[in-house]
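Hydrogens, waters and symmetry mates play no part in the numbers below; they use all other heavy atoms, side chains included. Sequence lines set the chain letters: A, B, ... in the order given, protein chains first and strands last, and positions in each chain run from 1.
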Amino acid sequence: MLNLKSLNPQQRKAIEYDEGPALIIAGAGSGKTRVLTYKVAYLVEQGYEPDSILALTFTRKAALEMKERTKKLIGSKADQIWMGTFHSVFSRFLRSEAAHINYEPNFSIYDTEDSHSLVSNVLESLKLSPDNYNPGSIRHRISYLKNHMISPEKFKKNYISTFPEQKVFEVYVEYQKRLRENNSMDFDDLLLKPIELFSNNPKILTKYRKKFSYILVDEFQDTNKAQYELLKLMSSKDGKITAVGDDAQSIYSWRGADITNILNFEKDFSKCKVFRLEQNYRSTKSILAVADCVIKNNKDQIQKTLWTDNPQGEAVTLIKCSDEKDEAYQISRVIKNEITTNKRQLKDFAILYRTNSQSRALEDVFRREKIAYAIIGGLEFYKRKEIKDLVAYLKVINNNIDEESLLRIMNFPQRGIGVTTIQRMIVFARKHEITLFETMSRVFEVIDIKERIQKNVKNFKVLLDKYMILKDELSVGEMTRALVDELGIISLFKDEKSVEGRQKIENVQELLSSIMQFSNQNPKAALGDYLQEVSLMTDTDSNNAERNFVSLQTVHSAKGLEYPVVFLSGCEEDIFPLSNKFSTDATVQEERRLFYVALTRAMEKAYLSHARSRYRFGEVAYQNRSRFIDEISPDLCCELNGGLGKKANRKSKKEIYYEYFENMDYVDFNQENIDLKVGVRVMHDKFGLGKVIHVVGAGEAQRVTVSFEGNNVKQLMIKYAKLKVLS
DNA sequence: AGGCTTGGCTTTTTT
DNA sequence: AGCCAAGCCT
Ligand SMILES: Nc1ncnc2c1ncn2[C@@H]1O[C@H](COP(=O)(O)OP(=O)(O)OP(=O)(O)O)[C@@H](O)[C@H]1O
């Protein structure tokens, strides 16, 4: 029997309400996600079939976490509940129903970079110069239109006034056409195509409506028009649907998120009942008061009460710094202090920043100070060139009309097929109305390509053909390993004889082992199943709960998370709020909401740091402190003891560094892998028994050199290699 | 065909 | 400072 005792009466009411649509609007840390999780469990207990419940979250990680927690409440029944992001859930439906929207079920999913290069190709074939038509901004424009459910036809009818707009329209049309020809969809299509599917096929809509008897949505404030439309389609007016959100935490409008969805919900679901949660369980009174000071400067937010029973706690602390290095040093010093005086662990800390580029100074200093850290998000693993290239092979093998992926690998690794050859083949393909892939088998008819090069193309085609057969005979893992061997990718990178080259090898090996792992966990999985997973995967997804390090991440990726101690770095005008030439009052308000999100991640203590100057765009910029700090009532915060910032100002970097060094009692702050030292014996899944002969770096970047049995010496990244330490 | 240099532009944030 | 795309040279 589900125990609802750990929930307050407001929360319980929201959970037990099952007479119609419910909208839960509540501030940060009031238990929205917790309520949603319990509600899922409650519904199952009330007799709903687990596989008739659909829970939609903002990130994959949030979905995995919700699944874990539901499992704790109701056990293995939780496995059958549909939990995922809009993108992943609806793309699965699309694969089953592909025929109804004139697609093949093995369609590829294009990420932003793929879309970008498709736009470039479209511009080229429409003979539009990239000087006048910037591929990036056009891609963004098209995505914006799609996000707002403005089809090319609608765009043409209602929005075109100028000549360049007319061209955008033409690119838009051609872009969509190419996507279809490539049997590919971009992220936006994953939401738009289901709408098309449901609108044109009432029977299928009925099927899905019947299939799902209850829908729950987390982070509702960050859904876009298309997502909301899908919700309306999937549930009836008096439908069984619960949405939770906080308008003050809407931080994705740049991606099409539309706050008016919250307001419309009450209208569109007329019998909707609104619930409010007012007790915050996460933060101290000090932190909440500061957050409230800031957010109340946004006039348009929905009025909400938020109080807490938690202790007053320490005042929020400002850290004044001379520059970004100083900022990093001061933060690392506070972390060390907190660890020794307050018995904290590294994993209790998060350092948040507005832009990814701010992580660099922090990383440098943390590495030097031996503070184990991990970058969450950042340059994502799956966006690295060597990874994308390899995945492009898999995409082509799975869906050979995917021209973007084919173009990507045509000459990687180099096989003497240059741009001119490719252009000639494309001309041939268009003329004969066949795909580029088909052109490759008829390359001997493309007479303006030299014979030697025709042979290269032919060989490449033979290779691809072979793997298209192998894909049905080998597991995804085995096939990819064979492919990597045959392409000679590892030795290619080895020959680069550089740190980057070695990094690439590690990345490729990491990809291989993750594919292997996938194959082992899903023995029956086909290549397409793996690609479906990998195309919607992001770095933030990996679950690091058990590991002990400081987390470095953007405020955006910290949404929904909580940490005992939070540092918010770079609280300066132009950075937070971030500004550019397009800044408006609306964008500043969103920055303020982002600031609110950042603050409310903190449970016990928040530090706000700002620097007088920092490197930006390759030169020193003098910074003013953020207006958001000035919005905080002065009696709610204090400055870091002893005016460290001023002191640091007068000393050189070197002096500061040595001063820290001398004053520091010897404590190894690298709490993670503390026992991974030279000489220690370790066990590796693949390589077997070995001995550590070298350790470099800290945190995420930490690497060890291990001598395995049989004179087999390997460099491994701790982050990826699962080493067992043998005592 | 492919490698190297230059010049423009950039940093938002991510499914 | 660092990345990418375009252009130039071999
Ligand atoms: N009734 C309760 N009793 C004890 N702890 C609670 C209760 N409700 C929520 N919490 C705790 O409060 C914290 C915040 O909960 P949760 O993450 O669900 O809030 P949220 O409203 O989704 O937050 P946010 O919108 O900021 O992401 C969690 O640690 C959760 O376990």
Side-chain angles (χ1 to χ4, degrees), chain A residues 56-63 84-91 109-113 115-117 120 123-124 129-131 134-137 140 143 146-147 185-191 219 222-224 226-227 250-257 324 352-361 376-380 382-383 385 410-424 449-450 452-453 456 534-541 553-559 570 574-583 587 590-591 593-595 597-598 614-621:
Chain A
L56 296 162
T57 58
F58 191 73
T59 61
R60 251 174 69 98
K61 186 181 174 193
T85 60
F86 277 86
H87 291 86
S88 82
V89 167
F90 285 98
S91 61
I109 297 175
Y110 283 0
D111 67 11
T112 314
E113 193 190 332
S115 296
H116 182 103
S117 67
S120 297
L123 287 174
E124 196 183 316
S129 147
D131 296 342
N134 174 290
S137 51
H140 186 261
S143 175
K146 292 172 84 168
N147 269 323
M185 299 196 195
D186 64 13
F187 283 142
D188 304 320
D189 280 337
L190 298 182
L191 305 173
E219 309 279 15
D222 278 321
T223 51
N224 64 25
Q227 289 167 325
S250 167
I251 54 176
Y252 280 90
S253 71
W254 50 273
R255 215 177 78 185
E324 73 271 27
L352 308 183
Y353 35 77
R354 179 62 182 81
T355 61
N356 278 310
S357 58
Q358 286 167 256
S359 72
R360 172 162 259 129
I376 319 285
L379 209 200
E380 289 173 24
Y382 293 97
K383 292 204 177 117
K385 186 179 176 308
M410 191 74 87
N411 202 26
F412 172 86
Q414 278 181 10
R415 49 173 73 84
I417 307 178
V419 258
T420 338
T421 306
I422 293 174
Q423 264 162 9
R424 285 172 183 157
I449 295 178
K450 284 202 205 87
R452 183 174 57 87
I453 292 172
N456 293 341
V534 89
S535 301
L536 296 172
M537 190 112 82
T538 63
D539 239 16
T540 29
D541 293 340
Q553 60 195 320
T554 62
V555 184
H556 280 91
S557 71
K559 166 154 121 160
D574 292 346
I575 289 189
F576 208 163
L578 187 70
S579 66
N580 64 16
K581 50 188 180 245
F582 303 115
S583 298
T587 58
E590 177 146 320
E591 294 290 313
R593 291 193 292 269
L594 192 57
F595 200 87
V597 170
R614 73 174 65 228
Y615 265 95
R616 291 190 74 199
F617 303 115
E619 52 190 25
V620 178

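Side-chain contact between A:H556 and A:R255: absent, with no pair of heavy atoms (C-beta onward) separated by less than 4.5 Å.
Closest approach to the A:H116 side chain among C:dA5, B:dT12, B:dT15 is made by C:dA5 (side chain taken as heavy atoms from C-beta onward). Distance from the side chain of A:E591 is smallest to B:dT12 among B:dT15, C:dG2, B:dT12. The side chain of A:R354 lies closest to B:dT12, out of B:dT11, B:dT12, B:dT15. Listed candidates were B:dG3, B:dA1, B:dT15. Nearest to the side chain of A:T59 is B:dT15. Which of B:dT15, B:dT14, B:dT10 sits closest to the side chain of A:T112 comes down to B:dT15. Listed nucleotides B:dA1, B:dT15, B:dT10 differ in distance to A:T421; the shortest reach to its side chain belongs to B:dA1.
Comparing the C1' positions of B:dT11 and C:dA6 gives a spacing of 23 Å, expressed to the nearest Å.
Put simply, CG on A:N356 is 11 Å from P on B:dT11, counting in whole angstrom units. Look at CG on A:L190: it is 13 Å from P on B:dT15, rounded to the nearest Å. A:F617 places its CZ atom 13 Å from the P atom of B:dC9, with the value rounded to the nearest Å. Taking atom CD of A:Q423 as the reference point, atom P of C:dA6 lies 12 Å away to the nearest angstrom. Between the CG atom of A:D189 and the P atom of B:dT15 there is a distance of 18 Å, rounded to whole Å. Between the P atom of B:dT14 and the CD atom of A:E590 lies a distance of 13 Å, rounded to the nearest Å. Distance CD (A:E324) to C1' (B:dT11): 14 Å, rounded to an integer number of Å. Straight-line distance from the CG atom of A:N134 to the C1' atom of C:dC4: 12 Å, rounded to whole Å.
Scanning all heavy atoms of the two residues, the minimum distance from A:N411 to A:G416 falls at OD1-N, 3.3 Å. The minimum heavy-atom distance between A:T85 and A:F58, with the atom names listed, is CG2-O, 3.6 Å. A:Y252 approaches A:D222 most closely through the heavy-atom pair N-OD1, 3.2 Å.
Checked by distance alone, A:T355 brings no side-chain donor or acceptor within 3.5 Å of a matching partner on the base of B:dT12. A donor-acceptor contact under 3.5 Å is not formed by the side chain of A:R616 with the base of B:dT11.
Residue order along DNA chain B, read from the 5' end via each residue's closest nucleotide, puts A:I417 first among A:I417 and A:L578. The residue among A:S579 and A:R415 whose nearest nucleotide of DNA chain B is located toward the 5' end is A:R415.
Seen from the ring of A:F412, A:K385 counts as a face-on cation partner, given the 6.0 Å and 45° thresholds.
Across all strands shown, A:T420 has heavy atoms under 4.0 Å from sugar-phosphate atoms exclusively, and none from any base. If you check every strand for non-hydrogen atoms under 4.0 Å, A:Q414 touches sugar and phosphate atoms only. If you check every strand for non-hydrogen atoms under 4.0 Å, A:S357 touches a base. A:F86 comes within 4.0 angstrom of nothing in the nucleic acid, heavy atoms only.
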(request) Please step through salt bridge (Lys or Arg N to Asp or Glu O under 4.0 Å) for the pair A:R360 and A:E324, ending with a clear verdict. (result) CA-CA 9 Å; A:R360 172 162 259 129; A:E324 73 271 27; over 6 Å; no
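Nucleotide B:dT5 forms a Watson-Crick or G-U wobble pair with C:dA6, both donor-acceptor distances falling under 3.5 Å.
We find that the ring of A:W254 and the base of B:dT13 stack, their centres lying under 5.5 angstrom apart and their planes tilted less than 30°.
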